[in-house]
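Here's the structure we're looking at; comments come further down.
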Amino acid sequence: MNSKFRGTLLGVLIGDCCGAVFEGEVLDAGQKFVLRKFINKLEGVSFTAPRQKYTDDTAMTKSVARCLLKYDEKSYQKNLAVDFVKEYCSSTTSRGYGDGVQRLLVTLRKEKFEDLLGPARNQFNGTGSFGNGAAMRISPVSLYCVNKSDDFLFDLVGKTSEITHANVIGINGAILQALAIREVLKLESDDLDVNNYVTNLLESFKKIEKGEDEFGIHEQKFYTEQLEGMRKLLNKEILPSDEEVVNILGHSVNALYSVPTAIYCFLRNVNLLKGNREKLFRSTLEYAICLGGDTDTIASMACSLVGAFTGDSIIAKNLIKHCESSEEIIELSDKLYEIVFSE
Ligand code: 8NA
Ligand code: MG
Ligand code: MG
Ligand code: MG
């Protein structure tokens, strides 16, 4: 299990560092060749500098991991808001934070964290952010909740998300990613029944998206519909093209159009590499970036799932070494493992 903890957080880091180089692009055949060469170089012979830089995805994941290490129900959310701001302000290079979240972190600081949730609710004319920023940083919560109930996980995902994301799409994206990681963490063998796994995620989401208000029971089908689209793509006899995948699932900064995409990247490669698990990390990393769009975040979320599934032993040692702060990420994973299994 320690290896799975390391794999999860290293997946976040490596997907982010490699994907950031191609962010916002649609990759043609030439750029896909460049991408393959680029990862080959990072996996290849050891070099000292320069290291591949991480972005907001990893920066915010580190904050979540640090605050879970000193988790206390009452102070967690405030500690996390303060850590997000500290991490944001301490960086000397641009980490590619979303526009909305940058404004929000500045407001939290200026108002001295008096109102922890108000600024997030005021984002985007009061609709709150539906960006994938809550989902991209959620993996430490899956680690922390590996032996906890669903309700505990939902509550902790909510607390971790709502500081920056008040829109239900942003928060439910984080719930989906958290559940998806936790389910593979719990597997003891490297045999994953993909159909069963998707059915379980769908069942959870049908419940989550069914609500009740003064007009009675209503059903929203945002993530449920995306997961159904994902299942259809996975069951196709002919492997869908990149264009078809992006048309159905999306590749944007919207959580609805990136979290299911990341899960699809993972599951497609699990299906393709049944007897060849050592290739799963590299293959998923390259595939997720090939889809273009929000490449750092989709690759980060997809690789985190691979790492949670296989552990860190299948990740090339030099690829780990060539990403900024990998030692710190390993240390955080090991500490989380210690506290989760000593409780
Ligand atoms: P966010 O909350 O600022 O949301 C990201 C973007 O989504 C916003 O800037 C808006 O354009 C849009 N958006 C979100 N909610 C709404 C809404 N209700 N109405 C209209 N537009 C909306 O930041 P976040 O933390 O969710 O973003 C995470 C993403 O930002 C990650 O992909 C991360 O890698 C980073 N990112 C940065 C860039 C960049 O140009 N630097 C590009 C893509 C992604
Ligand atoms: Mg980023
Ligand atoms: Mg935001
Ligand atoms: Mg991104």
Side-chain angles (χ1 to χ4, degrees), residues 9 11-27 52-64 80-81 83-85 87-88 91 93-108 117-139 141 157-158 160-178 220 222 246 249-262 265 285 288-304 323-325 329:
L9 295 196
V12 171
L13 173 73
I14 296 168
D16 178 20
C17 287
C18 295
V21 178
F22 300 86
E23 193 170 358
E25 290 185 35
V26 174
L27 282 80
Q52 233 30 70
K53 294 266 181 230
Y54 66 77
T55 74
D56 56 336
D57 307 65
T58 303
M60 297 189 103
T61 300
K62 287 202 293 177
S63 294
V64 174
L80 186 58
D83 202 304
F84 282 156
V85 170
E87 180 73 35
Y88 173 68
S91 183
T93 53
S94 161
R95 298 286 187 192
Y97 284 80
D99 294 341
V101 89
Q102 293 196 53
R103 284 192 298 273
L104 177 137
L105 293 175
V106 170
T107 305
L108 279 172
L117 307 182
R121 292 190 188 126
N122 293 336
Q123 291 280 77
F124 305 102
N125 298 320
T127 55
S129 172
F130 52 57
N132 53 23
M136 76 188 181
R137 65 178 184 241
I138 210 63
S139 61
V141 171
V157 172
T160 307
S161 305
E162 67 195 1
I163 303 170
T164 55
H165 291 68
N167 188 296
V168 68
I169 293 290
I171 296 174
N172 283 352
I175 289 180
L176 175 57
Q177 177 68 1
Q220 297 170 318
F222 298 112
V246 173
L249 297 179
H251 65 177
S252 73
V253 297
N254 185 325
L256 187 60
Y257 305 120
S258 51
V259 180
T261 315
C265 292
L285 174 64
I289 299 174
C290 272
L291 291 182
D294 192 4
T295 47
D296 62 338
T297 305
I298 295 174
S300 182
M301 294 190 291
C303 288
S304 181
C323 291
E324 181 189 7
S325 292
I329 289 292

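All figures in this text were calculated on a predicted structure; none of them were measured in a lab. Both ligands and their constituent atoms are indexed starting at 1 by order of listing.
Listed by number with element, the atoms of ligand 1 under 4.0 angstrom from any heavy atom of Thr297 are 31 (C), 32 (O), 33 (C), 34 (O). Those atoms of ligand 1 that come under 4.0 Å of a heavy atom in Asp57, given as number and element, are 33 (C), 34 (O). Residue-ligand proximity, Asp99 to ligand 1, at heavy-atom distances under 4.0 Å covers atoms 3 (O), 9 (O). Remark: ligand 1 atoms within the under-4.0 Å shell around heavy atoms of Asp56 are 30 (O), 31 (C), 33 (C), 34 (O), 35 (C). Residue contact check: Gly96 has heavy atoms under 4.0 Å from atoms 35 (C), 36 (N), 37 (C), 38 (C), 41 (N) of ligand 1. Near Asp296, meaning under 4.0 Å from one of its heavy atoms, ligand 1 places the atoms 34 (O).
Remark: the Asp16 side chain and the Thr55 side chain contain an N/O donor-acceptor pair separated by less than 3.5 Å.
For ligand 1, the polar-atom distance check against Thr55 finds no nitrogen or oxygen pair separated by under 3.5 Å. Some N or O of Asn132 is nearer than 3.5 Å to an N or O of ligand 1, by distance alone. Any N or O atom pair closer than 3.5 Å counts here, and Val101 shares at least one such pair with ligand 1. Ligand 1 has no nitrogen or oxygen under 3.5 angstrom from a nitrogen or oxygen of Val253.
Test Asn132, Thr164, Asp56 against Arg137 for side chain to side chain donor-acceptor pair (under 3.5 Å) and you get one pass: Thr164.
The part of Glu23 lying near ligand 1 is the side chain, judged by heavy-atom distances below 4.0 Å. Here Asn254 has no heavy atoms under 4.0 Å from ligand 1, in either its backbone or its side chain. Under 4.0 angstrom from ligand 1, the non-hydrogen atoms of His165 all belong to its side chain. Counting heavy atoms under 4.0 Å from ligand 1, residue Phe130 touches it through both backbone and side chain.
If you look at Asp57 and ask which of its N, O or S atoms sits nearest the Mg ion (ligand 2), the answer is OD1. Looking only at N/O/S atoms, Asp56 comes nearest to the Mg ion (ligand 2) through OD1.
Taking the Mg ion (ligand 4) as the corner point, the angle from Asp296 atom OD1 to Asp294 atom OD1 is about 90° (rounded to 10 degrees).
The aromatic rings of Tyr97 and Tyr88 sit perpendicular, their planes meeting at an angle over 60°, well past the 30° parallel limit.
Two residues are said to be in side-chain contact when any heavy atoms from C-beta on lie closer than 4.5 Å; Phe84 and Ile163 meet this criterion. Counting heavy atoms from C-beta outward, Gln102 and Val106 have side chains that stay 4.5 Å or more apart.
Atom CG of Leu249 sits about 10.0 Å away from atom CG of Leu256, to the nearest 0.5 Å.
At least one N/O/S atom of Thr297, whether from backbone or side chain, sits less than 2.8 Å from the Mg ion (ligand 4). Taking backbone and side-chain atoms together, Thr55 has an N/O/S atom less than 2.8 Å away from the Mg ion (ligand 2).
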For side chain to side chain contact (heavy atoms under 4.5 Å, CB included), just list the numbers for Cys303 and Ile14, CA-CA rounded to whole Å, side-chain angles, deciding distance to a tenth of an Å, and then say yes or no. CA-CA 8 Å; Cys303 288; Ile14 296 168; 5.7 Å; no
For a side chain to side chain contact (heavy atoms under 4.5 Å, CB included) check, start with the C-alpha distance between Asp294 and His251, then their side-chain angles and the critical distance, and finish with the verdict. CA-CA 6 Å; Asp294 192 4; His251 65 177; 6.0 Å; no
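Minimum interatomic distance between Glu162 and Ala120 (heavy atoms only, all atoms of both residues): O-CB, 3.4 Å. Between Tyr54 and Arg95 the shortest heavy-atom distance is O-NH1, 2.9 Å.
Ligand 1 has no atom lying under 4.0 Å from any heavy atom of Gly170.
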